[in-house]
Every structure is written in C-alpha cells, then in structure tokens.
Protein chains: 2
Amino acid sequence: MRILLVGAGGVGDAFAKIIARRTFFEHVIVCDYDLARAERTVVAVAAKHGPEVASRFTAAQIDAGDPDRVAAVASEHRATHVMNAVEPKFVPTIFTGALAAGCDYLDMAVSLSEPHPTNPYSETGVKLGDDQFALAADWETAGRLALVGMGVEPGLSDVFARYASDHLFREIDELGTRDGANLVVRDEAGNEIFAPSFSIWTTIEECLNPPVIFEKDRGWFTTEPFSEPEMFDFPEGIGPVECVNVEHEEVLLMPRWLDAKRVTFKYGLGEEFIGVLKTLHLLGLDSVEPVRVRSAAGPAMVAPRDVVAASLPDPATIGPRMTGKTCAGVWVTGTGPGGRRREVYLYHVSDNEWTMREYDAQCVVWQTALNPVIALELLAAGTWGGIGVLGPEAFDAKPFLDLMSAPIEEGGYGEAWGMEDRLAARA
Amino acid sequence: MRILLVGAGGVGDAFAKIIARRTFFEHVIVCDYDLARAERTVVAVAAKHGPEVASRFTAAQIDAGDPDRVAAVASEHRATHVMNAVEPKFVPTIFTGALAAGCDYLDMAVSLSEPHPTNPYSETGVKLGDDQFALAADWETAGRLALVGMGVEPGLSDVFARYASDHLFREIDELGTRDGANLVVRDEAGNEIFAPSFSIWTTIEECLNPPVIFEKDRGWFTTEPFSEPEMFDFPEGIGPVECVNVEHEEVLLMPRWLDAKRVTFKYGLGEEFIGVLKTLHLLGLDSVEPVRVRSAAGPAMVAPRDVVAASLPDPATIGPRMTGKTCAGVWVTGTGPGGRRREVYLYHVSDNEWTMREYDAQCVVWQTALNPVIALELLAAGTWGGIGVLGPEAFDAKPFLDLMSAPIEEGGYGEAWGMEDRLAARA
C-alpha cells in the first residue's frame, strides 16, 4: 500500500504521526500546496522515529484544486491509495484525480451541499456527498473503492452506528451523533481566551448551513440553523453541553446502509459559541463576498469571514495552551434484541494533554486522523474490502473497534471506546 | 456671524438644513475634506429654499487634520465662529485652528480620552475634554469662547441638567443622562435588519472605552464596560430599554458647573446590541490594529473594525428605511425646592419619519444638529455670552429651552421638550 496523503495541515500532519507507528503500509507521500509544510511533517516523523521509519515517507508538492495534477503526482509516486486531508472544497478534484490514477480513495469530509434555491430551511438542495455518490457507477466500473467520511465524525461515529445496528438493537428509533468537549484555551497570563480548536471558517460554513435531518417516513429535510437545542451529558468529566442540529455527513451516510426511524447530528457548540455564530451572521461577518475596506496600501477587497479567521488565534498553534477533552459518539435509542427499550451512547474521548505529549498533535485533529489509519490497516489486511462509493457503515464495525481498542503490545491501537447505558443510569 | 461649518457628513448636512430656516447669521461656509460633499449640502439648501437663502451658503474644501489649514480657511472666509461637525479625533486640530484665526468655537463631542495605563477599569487616565480644558487660559486671554459639547448628548442634556439645578431641585442626588430609542430599519422586503443609526466605528470606541462616573466624594472613576445595567422606561411610546454605563461627555462637563452627588451616562443600547459589542470584543473584531488577510490583489493589512463597519449598511443611507423615535434626556433625582423627594426625567424626542419628511435628515443626526443652531442664535443675540472653554451648563438654560419650544410662527423652533414626574407616576 502506497498512500498519497493530500494535505499536511493539522489533520494530515497527525495522520503521518499516527501511521508512522504502524507497519502495514509501504510508503506515504506527504503532499501539500506548500512543500515546506509537507517537509516539516516528514522531518517531525524522522525526529521522533529515526531514519528507517522516515525512509518510508516522502514530501511532495501538489495542487489539490487540479485533478490532473492530483492524478499525475499519484501516478508518479505509484500511489495505490489517495488519502484526502484538505478542506472539503477540494473533494471533487481529489476524488476525480484519484479515480483517474486508478487509486482507491479515502476522505474525512464529503463533497459540499448547496441549499435548496427557494426553501432552504425545510427542503434539501444538493446534499452533502451527492456529487460523489453520483459517480458511484464509475468507481464500480473501475473496480475501485472510495471510502468517504472516514474521520472521527463522520467516520468513527458511523462505525459505532453500524455496531449498534448489528449487535445492540433489534429496531432503532434514532441514530443521534452527539459531539461535545470541555476544551479551554488560555493566553500566556493564564486567562481563558476565545480560540476555537478548529477552523472558524469551516465551522461557520457547517453551522450556518441549514441542518439536515433524516426521518424514515419523510426522507431528508432541513431546519433553521441551531434548531432543537438539547443539553447532552458527555462522559469522562466533560459533563452537560448545549447541542444543536448541524449539517453533517452522518445524516446523509447512515440511512444509506442502516435502518433507523430518525438520524440526526448535534454539535455541542455551547451557548457562548452559538451566540458568537449568530452575531457573525447578523452582522454579515460570515460572508465570503468581499467588501471594500481601507488599508495602508489603499482600498482592499476582503471577505469578512477571512478577517474573522485572521483575528482569532491560529488553531494550529493553540495545542500547547489548551486543556480538556473532546468526545465523539452516537446516542442510539430503540428496542434491544430482547424486545426491551434501550438507550446507549457509544463514544470515544480524546484528551488534549495526552495527544500533545504523545503525538505533538492537538486532540481534535488527532482524533480525526486516527480513524482513517485504522481503516487503511483493515483494507491492507483484506479485513475490509469493497468497490464503489461507500461510507464507513458499509463495513463490519467489529474488527474496526477491536483493532482500535486492542492493546498496543498486541498489535492494536490501545484506544478504548466506551458505551453508556443511559436507561440504566437513569433508573 | 459668519460660521465656518467643518464637516458636511450627516450632522453637518443637517446643521445646514436647520440653520437655512433661520435669519440670525450672515453666512455659512460649508467645508469638507471632500468638496463634492460640501457642495451637495449647499445644493440641497438651494433646492429647498431658493437662491436668496442659498446665497448665504458657500462650499469649501478643508483638511480638518491640519490646524494651519483650518485657520487659513477661517481667515479667508472672515469666519467669526467655527462649528466642528466631524469625528472627535479632529477636535485638537480644529480647536487650535479656530483660536489661531481669532474665532469662537463650538463642537458636539470633545477631545478623546486615554485609559489609565495600569488600572483602566477603576481609574481615569486622560479624560474626555482634558486636552481642551488644559488650553482654557489661552481662550480666556484671547477673549474668545469655546463652547464644547453643544450637540444633543452632550449639549441639550447639559442644558436640561442646568435647568433642573436652577429651577427644580434644592439638592441633586444624581444627574443621569439616559438615551434610548425604538428605531427599526427594514430591508427592501420589509424585514427588520441589523443596521445601527450611527457609526459602528464610533459606537465601538464609545462603548468599549471604560465608562466614567462622577461622585462628589470620590471624583471621577471608571468601571468595566456595560456596567450597572438598568431598564429605563422612555416616554412617547418608546418604552423600556436596557441601559448601561458608557463613557460620555456629560459626566465630565456637568460636575464642573453643577452640584450633584453623582453624575452618570447610560446608553440604551438594548440587549441585542450589547451582545453584539461584547462578541466583537471577544473575537478581537473591535481592534484597529491591522491583520493580514488574503484578497484578490494579494495579502492586505486591514483593521477588523473597519471590516465590521464595511459589512453593515452605511448609516447615511438608512434614513428612508428607518421608523421610530429617539429620546435624549436627563433623569434627575434629589430634593425639590419644598424639601420633598423628587425624581424627574427631562427629555426631547425626535421622530425619524418627521425629520426625514421635513428635513431629509435622519432623526439621530437631526436631533444632534438642532442644538448648536439654537446656541449660535443665542450667542448672536447676546443672550448667551462668555469667554474661555465652557460647557452648555455654564449658560442659563431657560432662554435656550424657551427658544427651542416657542412656536415657529413666534420665532421659535417649535420643538417641544418634556418633563415626567416619575415619583408621581409610581404613586
């Protein structure tokens, strides 16, 4: 397996640092538009693991926005798999380039949606992933696999949903992905500051798009942003966080393979962050349309959203000043195999101080990057296999969760996942 | 009286439109850095009042940031009075230029403050107006008058305070300026939009500076922004609005001439607007330090606060789409002449639909510009007079309020002011 890793940003860098500890692959070509960034990742791997491991990594330059360049770089390096680790706006070009090069493909976010032209807050327009599923026949014809949405959310969340469906429930009422954290960032003086742990640009995109919900008897539909607020109690000391509906891949992926009356995604943004996003929208500061502004060099045309991103600390730099945990999981309700009511939360928690110490990677990007490494290992071993455009829930969840949780000394990843029985907890 | 009006923005333009209906002056020279803007104001006066009135108005170019240019333009046009109607950052240069030209001077906002270097939220640093009062001896020596803070707030509010002090109270506990409005702006489809009726740039400056408070036994001191929130019930249908402490001239001016145990200024920003300002501060979007942002023409250095201003509708354009009223006034508590407890609110209300129809001026700028016109008429008549640097409360309030409220056909301005007895209302 020769992996063309496209993107050496936070997630790409963490992917390299995680896979460097495994032996299942032959080579990783770390690519970035900025070659120096790709080289920095390879140097970090070499510094940690020495020349032998580093010899299996190569840095290269790539233009992810050009499918021909993606295909050319993949062919040049004899890649068998293309691992997409850049912003979702590049999905179409990398997806096309990978197929043209005859590679299998993985990503952690799918092709973007477009709102319904007249009823954006009740009907779907172009849905997340639609552009990729539209090309499924091409991938089938080529005999190649595109495993889409294989990060933590989507990704591990979809694996949990498949596991619940196969092993824990006879009938599922709701597959509800619930994401929450208690991360805190401090300035040098130790004061808490406002510093999102992920790109504010992407978060605005995600949170202000109309959230999508699936219901079995209604299909996919949308709501107003921040709809159905709910306090969800997260495990391992994180505690209750206000969660709201957000447009996310799970809602589009899970119903294609799993049977549930309702599929939702709620993000634990917390009250303060929801307030911030609402204000940015109210003032038009979420806009990507350039406005005319004075600058020292004369009038400039800048997108307000870019200015918001530029005004906040760079998420790539806050890891050392951040404490707390992030939790990804799926809350499943329905009827258990014995016919009794069941409500469980399947989850995985990532602790920032641990990921910084162990991997020099911030916990949110580390947790995202872990899952495609595991998936690639299962594909390399032949435990997982398939052709066409498939989500994580199209594969057997048990070997994934077993490999993830097995101790490192037994060849696993040593990453425990948890299951809480919420009915029992309330009883 | 020959008046050099510096600035033909919203307030300057409204000043010209108001004074055009009066006869007490000889000539107004309407100046602006942008000559076309000054000419637009003169053309508007000519269109409304005909060539005879228009012959008493001249447009001219000026650089308000250069005291020598201010003095030269004033001398060239034989000005007797300089009327400052630009942003407060130009106060020092216009103030100096007016004195050099041997003119009297009026403004509607005083020289800016600088926070205390180590304890900004408890102690004052350089206070509003300090730089002007420091030069009072020069004005006295020259025998010239600088009447500072003569808009609506400061201005009419200070006149109300003097009136209460002279005619309504034996002893004053608090002189509390309270400003509130129920203005609503709609888009073309008729939906309410977020569009402040005044410069967001200046509002951020005002609201995020440490608010200043005066107490007789403590002197001037500062607090955290948005301190001491209070619901204040405004008259004429405006109703209750959440008001918070804001740094404002009244607190610096009133105690110099009037006796009160406490002097405050609270601005009826309303909950939504306070939330917006807090969020802008949290995200650093109130900053005037340029940040590096991509633009179509390459990286640009822009101040986030400029981008916020550029993203919102231009306050100069919203008048026709705005409805509602704005209220300026002073809430006075203490002991009446007869020795009984007294609480009154003295106020003036301006209705946007009326000011737009009558003056083609938005109500907030119209209400600001009205008061220096009345003051100049009293100075021209010799009813008001003085030398040095004086606030509006240094002059007898009664002739001002009488001239303001007298019917137009009797030579007044036909603008009623109101007084509410709040103790009686509660009884």
Side-chain angles (χ1 to χ4, degrees), chain A residues 33-34 87 89 118 121 184-185 187 189 191-196 199-201 203-204 207 269-315 318, chain B residues 33-34 87 89 118 121 184-185 187 189 191-196 199-201 203-204 207 269-315 318:
Chain A
Y33 187 76
D34 177 2
E87 290 170 59
K89 69 176 171 186
T118 54
Y121 301 120
V184 168
V185 181
D187 63 15
N191 301 309
E192 253 185 62
I193 58 170
F194 184 81
S199 155
I200 188 83
W201 208 102
T203 307
I204 289 172
C207 294
L269 294 169
E271 268 180 287
E272 180 186 51
F273 200 78
I274 292 169
V276 164
L277 291 169
K278 284 182 175 173
T279 298
L280 292 175
H281 185 55
L282 182 71
L283 273 65
L285 295 172
D286 58 320
S287 171
V288 295
E289 289 298 317
V291 295
R292 188 184 171 89
V293 176
R294 61 183 164 192
S295 82
M301 296 293 293
V302 300
R305 195 190 291 184
D306 289 339
V307 177
V308 173
S311 298
L312 291 173
D314 180 350
I318 59 173
Chain B
Y33 187 76
D34 176 3
E87 289 171 59
K89 71 175 169 184
T118 54
Y121 300 121
V184 168
V185 181
D187 63 15
N191 301 310
E192 253 186 64
I193 58 170
F194 184 81
S199 154
I200 187 85
W201 208 102
T203 307
I204 290 172
C207 295
L269 294 169
E271 269 180 286
E272 181 187 49
F273 200 77
I274 292 170
V276 164
L277 290 170
K278 285 183 177 174
T279 298
L280 292 175
H281 185 56
L282 182 71
L283 274 64
L285 295 172
D286 58 320
S287 172
V288 295
E289 289 297 318
V291 295
R292 187 184 171 90
V293 176
R294 61 183 163 191
S295 83
M301 296 294 293
V302 301
R305 195 192 291 185
D306 288 339
V307 177
V308 173
S311 298
L312 291 172
D314 181 351
I318 60 172

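Here is the naming used below: chain letters follow the sequence lines, and residue numbers restart at 1 for every chain.
For A:V307, the parts lying near chain B are the backbone and the side chain together; criterion is any non-hydrogen pair under 4.5 Å. Both the backbone and the side chain of A:S295 come within contact range of chain B, each with at least one heavy atom under 4.5 Å from a heavy atom of that chain. For A:P304, the parts lying near chain B are the backbone and the side chain together; criterion is any non-hydrogen pair under 4.5 Å. Contact annotation for A:A300: only side-chain heavy atoms (C-beta onward) come within less than 4.5 Å of a heavy atom of chain B. With a threshold of 4.5 angstrom between heavy atoms, A:L280 approaches chain B through side-chain atoms but not through N, CA, C or O. There is no contact between B:E289 and chain A, counting heavy-atom distances below 4.5 Å. Contact annotation for B:V276: both backbone and side-chain heavy atoms come within less than 4.5 Å of a heavy atom of chain A.
Chain B forms the most heavy-atom pairs under 4.5 Å with one residue out of A:I193, A:V291, A:L282, and that residue is A:L282. Your options are A:V293, A:I200, A:V308, and the one with the most heavy-atom pairs under 4.5 Å with chain B is A:V293.
Between the side chain of A:R294 and the backbone N or O of A:P299 there is no donor-acceptor pair closer than 3.5 Å. Looking only at distances, a side-chain donor or acceptor of A:R305 sits under 3.5 Å from a matching main-chain atom of A:W201.
With a 4.5 Å cut-off on side-chain heavy atoms, A:V302 and A:P290 do not count as touching. Counting heavy atoms from C-beta outward, A:T203 and A:F273 have side chains that approach closer than 4.5 Å.
Residues meeting the salt bridge (charged side-chain N to carboxylate O under 4.0 Å, His left out) test with A:D286, sequence neighbours left out: none.
The distance from atom CG of A:L283 to atom OG of B:S311, rounded to the nearest 0.5 Å, is 7.5 Å. Taking CG from B:L269 and NZ from B:K278, the interatomic distance works out to 10.5 Å, rounded to the nearest 0.5 Å.
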